[in-house]
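To start, the structure under review is shown below, and the notes come after it.
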Amino acid sequence: MNQAELQSLCIEAGESEFRGVQLFEWMYRHGIVSFDSMLNVKKSFREHLKEHCIIQTLQVEKRIKSKKDESIKILFRTWDNHFIETVSMANGDRHTVCLSSQAGCALDCSFCATGRQGFERNLSTGEIIDQLIFVRENIDQPITNVVFMGMGEPFHNYNNVLNASDIFHSPKGFNLASTRITISTAGLLPQIKQFISEKRRYKLAISLNAADDRVRNDIMPINKKWPIAELVNAGKEYSNQKKRLVMFEYVLLKGINDSENHALQLAQLLQGIPCKLNLIPYNETDGIYQRPEEKVITRFSEILYENRNEYLVLVRWSKGQDIDAGCGQLAGQKI
Ligand code: SAH
């Protein structure tokens, strides 16, 4: 619940509106997980809350730490037995938390482990927020960034993702700057347009993964509905309006989208588009794809770098690959 919803809950129970603000702060600023810890809320109302409300939506099943870097993957179970994963990535002063927005995913991108699992259901706003509360309460380093790049397609769960983001951003909640919250989409055009027209201030990332519609149709079936040119245009509109650069993600798949020609095509596509480009070397899942050799990755990024005018290029080496916590490796595995 956001603050307005908590306030109406309080009013309906005969309490003052201000109680709603207190509940909001207890839950999101202090991250308490029991009604009894709400010290400035009178006992009779705490009893009422215990009887009618749930304050913790997720159960922790497993927590795995990478041996190679500082990342930690947490497996949660929902009340109705769905499994979702969250990844905490600490790196120097930066601590980024990668959140899931759905159990499973409906999009069926051929290279992604979550996609192969099929769609189960949307996560509630509470289930999204509880992932972050758990990390904040259990991992020492202060959280600096949140990315919706875990399981699911955030824009298929638009309202809950945006509701949760607003609570992360609220000074009485998690107090994270809007520039530190990134929502990544596989390219749902109507929701991207909605996001722009609502003047949402969070960062937008679009998983492009190909510069050619034939290639993208093959690996991301959603492309048949909303092809590359429309996504790039929408990204441009976001960058221009927000003065905040859209990010395009591009997973490098050996023999599929990693040739010098593909790089030139991508460079051409992004000419004149103010954006950041994130190249993601493919992480192994049990699918059919492979990561290109390092020299191919380097050459690909050099071509983009040499041809760039308005965009910035960055190669993103995923963290936590040894614990299957890299991009595209989350599948809610129980063991
Ligand atoms: N559904 C959203 C949010 C997931 S973000 C989206 O598609 O944007 C996960 C990112 O990891 C996406 O950019 C996706 O293209 C990328 N990805 C998926 N599988 C991957 C894999 N096996 N290796 C590397 N990146 C992958």
Side-chain angles (χ1 to χ4, degrees), residues 84-87 89 96-120 122-123 128 131 145-158 160-161 165 181-189 191-192 195 202-211 215-216 218-223 225-226 228 231 234-235 238 246-254 256-258 266 275-292 297 300 314-332:
I84 58 158
E85 292 177 323
T86 305
V87 185
M89 294 164 285
T96 302
V97 183
C98 182
L99 299 179
S100 291
S101 56
Q102 301 182 310
C105 184
L107 287 181
D108 205 23
C109 301
S110 60
F111 48 84
C112 177
T114 313
R116 277 202 301 279
Q117 165 184 4
F119 177 65
E120 296 172 16
N122 276 338
L123 298 183
I128 295 170
Q131 298 173 56
N145 295 73
V146 168
V147 294
F148 283 94
M149 297 186 184
M151 295 167 73
E153 166 51 44
F155 277 175
H156 265 160
N157 190 11
Y158 189 91
N160 293 345
V161 165
S165 301
I181 300 170
T182 302
I183 303 175
S184 178
T185 176
L188 304 195
L189 193 65
Q191 285 87 339
I192 296 176
F195 185 82
Y202 308 116
K203 284 204 195 163
L204 178 68
I206 300 176
S207 299
L208 203 55
N209 299 339
V215 178
R216 199 168 189 269
D218 272 355
I219 57 176
M220 299 180 75
I222 190 75
N223 193 63
K225 224 165 176 178
W226 297 297
I228 294 171
L231 297 180
Y238 170 88
V246 65
M247 181 203 285
F248 289 111
E249 292 153 294
Y250 192 103
V251 183
L252 285 162
L253 303 164
K254 185 174 183 175
I256 307 283
N257 64 0
D258 65 340
L266 181 60
C275 64
K276 281 187 223 168
L277 173 67
N278 236 304
L279 299 174
I280 315 175
Y282 173 71
N283 297 316
E284 298 291 326
T285 68
D286 49 10
I288 51 171
Y289 298 104
Q290 286 169 322
R291 170 182 289 198
I297 298 172
F300 196 95
L314 203 92
V315 180
R316 188 208 292 171
W317 297 96
S318 293
K319 305 249 180 286
Q321 286 169 57
D322 60 324
I323 52 169
D324 281 347
C327 305
Q329 293 182 312
L330 304 182

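Below, each value reflects all heavy atoms present in this structure, side chains not excepted, and no hydrogens, waters or symmetry copies. Indexing begins at 1, ligand by ligand and atom by atom, following the structure's order.
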Taking only heavy atoms of [X] into account, list the atoms of ligand 1 that are under 4.0 Å away from them.
{"X": "Ser207", "result": "6 (C), 7 (O), 8 (O), 12 (C), 13 (O), 15 (O)"}
{"X": "Thr285", "result": "22 (N)"}
{"X": "Gly150", "result": "4 (C)"}
{"X": "Ile280", "result": "24 (C), 25 (N)"}
{"X": "Asn209", "result": "15 (O)"}

Nearest non-hydrogen protein atom, [atom]:
{"atom": "atom 19 (N) of ligand 1", "result": "Gly328 CA, 3.0 Å"}
{"atom": "atom 17 (N) of ligand 1", "result": "Val251 CG2, 3.7 Å"}
{"atom": "atom 25 (N) of ligand 1", "result": "Cys327 CB, 3.3 Å"}
{"atom": "atom 23 (N) of ligand 1", "result": "Asn283 N, 2.8 Å"}
{"atom": "atom 10 (C) of ligand 1", "result": "Glu249 OE2, 4.1 Å"}

### Task
Classify the contact between Met149 and ligand 1 as side chain, backbone, both or neither, using a heavy-atom distance cut-off of under 4.0 Å.
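Both backbone and side chain.
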### Message
I need the contact type for Leu107 against ligand 1. Using non-hydrogen atoms and a strict under-4.0 Å cut-off, is it side chain, backbone, both or neither?
### Response
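The answer is neither.
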### Query
For the ring pair Phe148 and Tyr202, is the centre-to-centre distance below 6.0 Å?
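When the ring centroids of Phe148 and Tyr202 are compared, they turn out to be at least 6.0 Å apart.
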### Task
Start with the C-alpha gap between Phe111 and Asn209, add the side-chain angles, then the distance that decides, and say whether side-chain contact (heavy atoms from CB on, under 4.5 Å) holds.
CA-CA 10 Å; Phe111 48 84; Asn209 299 339; 3.2 Å; yes
### Query
Considering distance alone, does some N or O of Glu153 sit under 3.5 Å from an N or O of ligand 1?
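Yes.
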### Task
Work out whether the distance between some heavy atom of Ala113 and some atom of ligand 1 is less than 4.0 Å.
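Outside the 4.0 Å threshold, so no.
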#### Entry: All salt bridge (Lys or Arg N to Asp or Glu O under 4.0 Å) counterparts of Glu120, not counting sequence neighbours
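For Glu120 there are no salt bridge (Lys or Arg N to Asp or Glu O under 4.0 Å) partners, ignoring immediate neighbours.
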### Task
Give me the ring orientation class for Phe300 and Tyr250: parallel if the planes are under 30° apart, tilted from 30 to 60°, perpendicular past 60°.
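Taking Tyr250 first and then Phe300, their aromatic rings sit tilted (interplane angle of 30° to 60°).
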### Donor-acceptor contact below 3.5 Å, side chain Asn157 vs main chain Leu123
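Yes: the side chain of Asn157 pairs with the backbone of Leu123.
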#### Entry: Identified side chain to side chain contact (heavy atoms under 4.5 Å, CB included) partner of Arg291 from the options Ile297, Leu253, Val251, Leu252
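Between Arg291 and the candidates, side chain to side chain contact (heavy atoms under 4.5 Å, CB included) is satisfied uniquely by Ile297.
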### Message
With heavy-atom distances below 4.5 Å as the criterion, would you say the side chains of Cys327 and Met149 are in contact?
### Response
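Side chain of Cys327 against side chain of Met149, heavy atoms only: no contact under 4.5 Å found.
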### Task
Report the residues that fulfil side chain to side chain donor-acceptor pair (under 3.5 Å) with Asn122, sequence neighbours left out, ordered by chain and then residue number.
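Only Gln102 meet the side chain to side chain donor-acceptor pair (under 3.5 Å) criterion with Asn122.
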### Message
For a quick check under 3.5 Å, do Glu153 and Thr185 share a side-chain donor-acceptor pair by atom type?
### Response
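Yes, a side-chain donor-acceptor pair sits under 3.5 Å.
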